Amino acid sequence: MNDTFAPATGIGSLPGHDAREAAKTATGTFEDFPFLPELPARGPGADMIGRTAGMLVELYARVEPSGWRLGDRPGRDTKRARAWLGEDLDALEEFTQGYQGPLKVQAVGPWTLAAAVELRGGEAVLSDPGACRDLAASLAEGLRLHLAEIRRRVPGARPVLQLDEPSLTAVLRGQVRTASGYRTHRAVDRQTVEATLREVAGVHEGGPVVVHSCAPDVPFALLRRAGVAGVSFDFSLLTDRDDDAIGEAVEGGTRLFAGVVPGTDTALSDPAGSVMGVRTLWRRLGLRPELLAEAVTVTPACGLAGASPEYARRALAHCVRAARSLADNPE
């Protein structure tokens, strides 16, 4: 088996406020592919944008009524974000003593961050190409430091960096709304998007980078060209239009993180039923069944912040069982 990844893992966010409980769940459920949990219910700074804003180097953000906005110096919001990340890392370190293997950490990617964070005047960073470049460079340096910290705390880990890019397709299509809401920002050139993703992913020298999006129309081909090792997506949003891109991705060695378990409370099917669509896709693409376990990691469809704690635990355990079903019965 490809030991860069493993058969199942989580996406990132979990419900609740207790860092130790979250770390215990993430490491106990996925013994061979744990992840660093995020707990956005704690408030601003624990949300995905605020958490990543706290990682930036020489750029600082604060909370305004409209969202996160760049400022001149680190304020209480930056300090809070960094404190919560430290708390989460402490908990992860406690529950990964002696661990060896892949360990996933998440941060918001450069384009979703540029669409979400505002410049001082209130418009998104996305509106200014120079500001986008500065933000990407700051993020890259922050991620370099974050990955070094992960290696220091969990020496046996092989970090896997997940960049969360739910706004990527909207950025490419010019669908991100301006501050007024009446217009949209112009589409960003695909080559610029690809080059920036390649630059940020490049900080994880020799380590695998996965891009996650639970939006429709994930740009598989662009992400492959940007050099990512895996693409994480909501399997239920795939259409026949994605077939060729997915087939090429698998044949090119890209790992598919198939989000097949719903992210909010619902009745769960049997594990084999959860991955039936993956098997069907495989047959439709004419791919060899024995490739399945090599090419697919089973995950929830998106983060679990909106789920009940009890459902979140069941959903993560269900991913493990569904992955086992896929490996045991690829056809």
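Residue indices begin at 1 and follow the sequence shown. Predicted model only: the values in this text are computed from it and were never measured.
Arg153 is listed as a side-chain neighbour of Asp90, based on a closest heavy-atom distance under 4.5 Å. No side-chain heavy atom of Leu103 sits less than 4.5 Å from a side-chain heavy atom of Leu36. Looking only at side-chain heavy atoms (C-beta outward), Pro166 and Met48 come within less than 4.5 Å of each other. Considering only heavy atoms from C-beta on, Leu39 stays 4.5 Å or farther from His17 through its side chain. Looking at heavy atoms from C-beta onward, Leu135 lies in side-chain contact with Leu56 at the 4.5 angstrom threshold. In this structure, Val278 and Val260 have side chains that are in contact, with non-hydrogen atoms separated by less than 4.5 Å. No side-chain heavy atom of Leu285 sits under 4.5 Å from any side-chain heavy atom of Asp244.
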Go through it in stages, so that I can follow the logic: the residues are Tyr311 and Thr264, the test is side chain to side chain contact (heavy atoms under 4.5 Å, CB included), and I'd like the CA-CA distance, side-chain angles, deciding distance and then a yes or no.
CA-CA 8 Å; Tyr311 175 81; Thr264 50; 5.7 Å; no

Please assess Arg20 against Thr25 for the test side-chain hydrogen bond (donor to acceptor under 3.5 Å, both in side chains), listing each intermediate value before the final yes or no.
CA-CA 9 Å; Arg20 289 188 76 254; Thr25 298; over 6 Å; no

Determine, stepwise, if the pair Glu58 / Glu141 fulfils side chain to side chain contact (heavy atoms under 4.5 Å, CB included).
CA-CA 9 Å; Glu58 294 181 4; Glu141 186 55 32; over 6 Å; no

Step by step, work out the salt bridge (charged side-chain N to carboxylate O under 4.0 Å, His left out) result for Arg151 and Glu149.
CA-CA 5 Å; Arg151 292 188 190 97; Glu149 178 72 359; over 6 Å; no

Begin with the C-alpha distance, continue with both residues' side-chain angles, and end with the deciding distance and a verdict on side chain to side chain contact (heavy atoms under 4.5 Å, CB included) for Thr4 and Arg158.
CA-CA 8 Å; Thr4 303; Arg158 296 191 300 277; over 6 Å; no

Could you go through the side chain to side chain contact (heavy atoms under 4.5 Å, CB included) check for Thr184 and Thr178 one step at a time?
CA-CA 5 Å; Thr184 55; Thr178 58; 5.7 Å; no

Salt bridge (charged side-chain N to carboxylate O under 4.0 Å, His left out) evaluation trace for Arg321 with Asp270
CA-CA 9 Å; Arg321 289 196 292 273; Asp270 67 294; over 6 Å; no

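Each of Pro110, Pro219, Ser213 was evaluated against Leu168; a single residue qualifies, Pro219, per the side chain to side chain contact (heavy atoms under 4.5 Å, CB included) test. Checking Leu163, Leu197, Thr169 one by one against Trp111, the side chain to side chain contact (heavy atoms under 4.5 Å, CB included) holds for a single residue, Leu197.
Taking the six-membered ring for Trp and thresholds of 30 and 60 degrees, Phe35 and Phe30 have ring planes inclined between 30 and 60 degrees apart. The aromatic rings of Phe33 and Phe257 sit perpendicular, their planes meeting at an angle over 60°, well past the 30° parallel limit.
One finds the CD atom of Glu194 at 9.0 Å from the CZ atom of Arg190 (value rounded to the nearest 0.5 Å). Atom-to-atom distance recorded for Leu222:CG and Gln191:CD is 10.0 Å, nearest 0.5 angstrom. Interatomic distance, CZ of Arg177 versus CG of Leu126, reported as 14.0 Å (0.5 Å rounding). Separation of atoms CD (Glu38) and CH2 (Trp84) is listed at 13.5 Å; rounding is to 0.5 Å. Distance check: Ile246 CD1 to Arg224 CZ gives 11.5 Å after rounding to the nearest 0.5 Å. Atom CD of Glu199 and atom CG of Leu139 lie 9.0 Å apart (nearest 0.5 Å).
The shortest non-hydrogen separation linking Arg69 to Leu119 is CG-O, 3.3 Å. Considering every non-hydrogen atom in both Pro15 and Leu304, the closest pair reads CD-O, 3.3 Å. Across Val209 and His204, no two heavy atoms sit closer than the pair CG2-CB, 3.9 Å. For Phe220 against Ala245, the heavy-atom pair with the smallest separation is CB-CB, 3.9 Å. The heavy-atom pair separating Phe5 from Thr297 by the smallest distance is CB-OG1, 4.1 Å. For the residue pair Glu94 and Gln97, the shortest heavy atom distance occurs at O-CG, 3.5 Å.
A donor-acceptor pair under 3.5 Å links the side-chain atoms of Thr78 to the main chain of Ala61, judged by distance alone. In this structure, Thr27 contributes its side chain and Ala23 its backbone to a donor-acceptor pair below 3.5 Å. Remark: side-chain polar atoms of Ser138 are paired, donor with acceptor, to backbone N or O of Val57 under 3.5 angstrom. In this structure, Asp265 contributes its side chain and Ala307 its backbone to no donor-acceptor pair below 3.5 Å. Of the possible donor and acceptor atoms, one in the side chain of Arg198 sits under 3.5 Å from a partner among the backbone N and O of Arg225. Arg255 places a side-chain N or O within donor-acceptor distance of the main-chain N or O of Val296, the cut-off being under 3.5 Å. Ser127 places no side-chain N or O within 3.5 Å of a backbone atom of Glu123 that could act as its donor or acceptor partner. Between the side chain of Asp88 and the backbone N or O of Ala19, no donor-acceptor pair lies under 3.5 Å. Of the possible polar contacts, one joining the Asp242 side chain to the Thr239 backbone as a donor-acceptor pair under 3.5 Å is found. Remark: the backbone N or O of Gly12 is not paired with any side-chain donor or acceptor of Lys104 at under 3.5 angstrom.
In the displayed structure, Arg284 atom CZ is contacted under 6.0 Å by more than 12 heavy atoms of other residues, nucleotides or ligands.
The cluster map of Ile, Leu, Val, Met, Phe, Trp and Tyr, joined by side-chain heavy atoms under 4.5 Å apart, puts Val298 and Leu14 in the same cluster. Cluster membership check: Val250 shares its hydrophobic cluster with Phe233, using side-chain heavy-atom separations under 4.5 Å among Ile, Leu, Val, Met, Phe, Trp and Tyr. Placement of Val275 and Leu237 in two distinct hydrophobic clusters is found when ILVMFWY residues are connected by side-chain heavy-atom separations under 4.5 Å, directly or transitively. Taken together through direct or relayed side-chain contacts under 4.5 Å among Ile, Leu, Val, Met, Phe, Trp and Tyr, Leu143 and Ile49 form part of one hydrophobic cluster.
Between the side chains of Thr112 and Glu165, at least one donor-acceptor pair of N or O atoms lies under 3.5 Å. Remark: the Trp68 side chain and the Asp47 side chain contain an N/O donor-acceptor pair separated by less than 3.5 Å. Using a 3.5 Å distance cut-off with no hydrogens or angles, the side chains of Ser13 and Arg51 do not pair a donor with an acceptor. Side chains of Ser232 and Gln162: a donor-acceptor N/O pair is absent below 3.5 angstrom, by distance only. In summary, the side chains of Ser269 and Ser274 do present a donor paired with an acceptor at a separation below 3.5 Å, with no hydrogens or angles considered.
Sorted by first and then second residue, the pairs that involve residues 258-331 and meet disulfide bond (SG atoms under 2.5 Å apart), not counting sequence neighbours, are Cys214-Cys302. For residues 58-149, the set of pairs meeting the disulfide bond (SG atoms under 2.5 Å apart) definition, not counting sequence neighbours, is empty.
Of the charged side-chain nitrogens involved, none lies within less than 4.0 Å of a carboxylate oxygen, so that Arg82 and Glu87 do not count as a salt-bridged pair.
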